[in-house]
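Notes to accompany the following structure.
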Amino acid sequence: MKTLLIGILALIATSSANSQIKLLNDSKAVKLSSVREKSNFKAGLGKIDSDYFITYRDVKYKTMSSIEIIKIGEVDKLKEFKQSIFKVIKSNESSAFKFDGKTFSLIPNKSKGAYINILDKYIKYEMGYWSLKKLEKLIPGSELD
């Protein structure tokens, strides 16, 4: 009898707690593109409403998977982001640029790609080596139209 009473009280407590939870936004993330390297996730482009974001695996960790997010913004910011990366690679000179409060350091490799590191305040993330082909696959031109 005592366990039945405790069960009923627990049911009442959880039902009233759940009724206080309200969904604020029913927007869903849409996956637009994904890049894999040797069957491991490398990065992906997603969209919520009109805002784009990039998720990527921090490659400095070999035994665990650390997935990070870069908030890009609307399509004009996505174009600006892509152009900034391509400009550094084409110039074949190490460079850095700030985007959304993060510092992106690019070390190009013979105009074919670059190593990308991201400094977010005090934490350094590594996106690893990105070829122009993989960058184009990550941010396809069809998304920028």
Side-chain angles (χ1 to χ4, degrees), residues 6-145:
I6 291 173
I8 292 172
L9 288 174
L11 182 64
I12 292 170
T14 57
S15 67
S16 65
N18 288 338
S19 66
Q20 295 173 5
I21 298 173
K22 294 182 181 171
L23 187 61
L24 297 177
N25 190 355
D26 58 342
S27 299
K28 296 194 191 255
V30 177
K31 183 177 173 182
L32 302 172
S33 67
S34 182
V35 177
R36 296 193 173 276
E37 187 173 89
K38 298 178 184 172
S39 77
N40 290 322
F41 174 76
K42 186 162 179 122
L45 178 67
K47 185 177 179 183
I48 296 177
D49 297 330
S50 63
D51 290 328
Y52 291 89
F53 62 93
I54 293 176
T55 55
Y56 65 95
R57 181 176 52 91
D58 189 350
V59 297
K60 71 180 165 206
Y61 300 113
K62 303 296 179 203
T63 57
M64 68 179 214
S65 183
S66 173
I67 307 298
E68 305 298 330
I69 297 174
I70 304 168
K71 181 183 171 222
I72 302 294
E74 295 194 4
V75 71
D76 56 332
K77 289 285 192 181
L78 184 64
K79 285 180 189 178
E80 179 185 337
F81 180 76
K82 183 177 180 180
Q83 288 170 353
S84 298
I85 293 175
F86 274 60
K87 187 192 313 184
V88 170
I89 293 172
K90 292 291 186 181
S91 72
N92 203 23
E93 294 179 12
S94 295
S95 186
F97 65 92
K98 275 197 164 289
F99 193 87
D100 192 38
K102 296 173 177 67
T103 303
F104 290 79
S105 300
L106 284 85
I107 304 163
N109 183 13
K110 301 178 185 174
S111 298
K112 295 183 180 182
Y115 292 94
I116 302 175
N117 297 317
I118 303 166
L119 182 63
D120 187 7
K121 294 188 183 179
Y122 307 109
I123 301 171
K124 181 182 172 187
Y125 301 101
E126 297 176 14
M127 286 185 77
Y129 178 77
W130 282 84
S131 67
L132 288 172
K133 185 177 178 180
K134 285 186 180 178
L135 282 167
E136 185 59 42
K137 185 177 178 183
L138 177 64
I139 308 172
S142 61
E143 281 303 317
L144 303 176
D145 296 334

Sole candidate of Leu132, Leu45, Val35 that passes side-chain contact (heavy atoms from CB on, under 4.5 Å) when paired with Lys137: Val35
Which atom of Gly101 lies closest to which atom of Asp120, heavy atoms considered: O-OD1, 4.3 Å
Whether Phe97 and Phe104 hold their rings parallel, tilted or perpendicular, with breakpoints at 30° and 60°: parallel
Atom of Met127, atom of Tyr56 and distance for their closest heavy-atom approach: CG-CD1, 3.5 Å
Distance (rounded to the nearest 0.5 Å) between Glu93 CD and Ser91 OG: 5.0 Å
Expected output: side-chain Asp58 to main-chain Glu126 donor-acceptor under 3.5 Å: yes
Spacing of NZ belonging to Lys102 relative to CG belonging to Leu119, to within rounding of 0.5 Å: 10.5 Å
Quiz item: cation-pi between Lys90 and Phe86, 6.0 Å / 45°: no
Rounded distance [0.5 Å steps], CD1 in Ile72 versus NZ in Lys79: 14.5 Å
Single hit among Thr103, Ile118, Asn117 for side-chain contact (heavy atoms from CB on, under 4.5 Å) with Lys124: Asn117
Distance-minimising heavy-atom pair for Ile116 and Trp130: CD1-CD1, 3.9 Å
From OG (Ser33) to CG (Leu138), nearest 0.5 Å: 5.0 Å
Heavy-atom pair of closest approach, residues Pro140 and Lys82: C-NZ, 4.1 Å
Distance, nearest 0.5 Å, that separates NZ of Lys133 from CD of Glu136: 11.5 Å
Residue pair Tyr52 / Leu32: nearest heavy atoms and the distance that separates them: CE2-CD1, 3.5 Å
Close side-chain approach of Leu106 and Ser95, heavy atoms under 4.5 Å: no
Distance (rounded to the nearest 0.5 Å) between Ile89 CD1 and Ser84 OG: 11.0 Å
Within residues 64-75 or reaching into it, pairs that qualify as salt bridge (charged side-chain N to carboxylate O under 4.0 Å, His left out) - sequence neighbours excluded: none
Neighbour count above 12 (heavy atom, 6.0 Å) for Lys134 NZ: yes
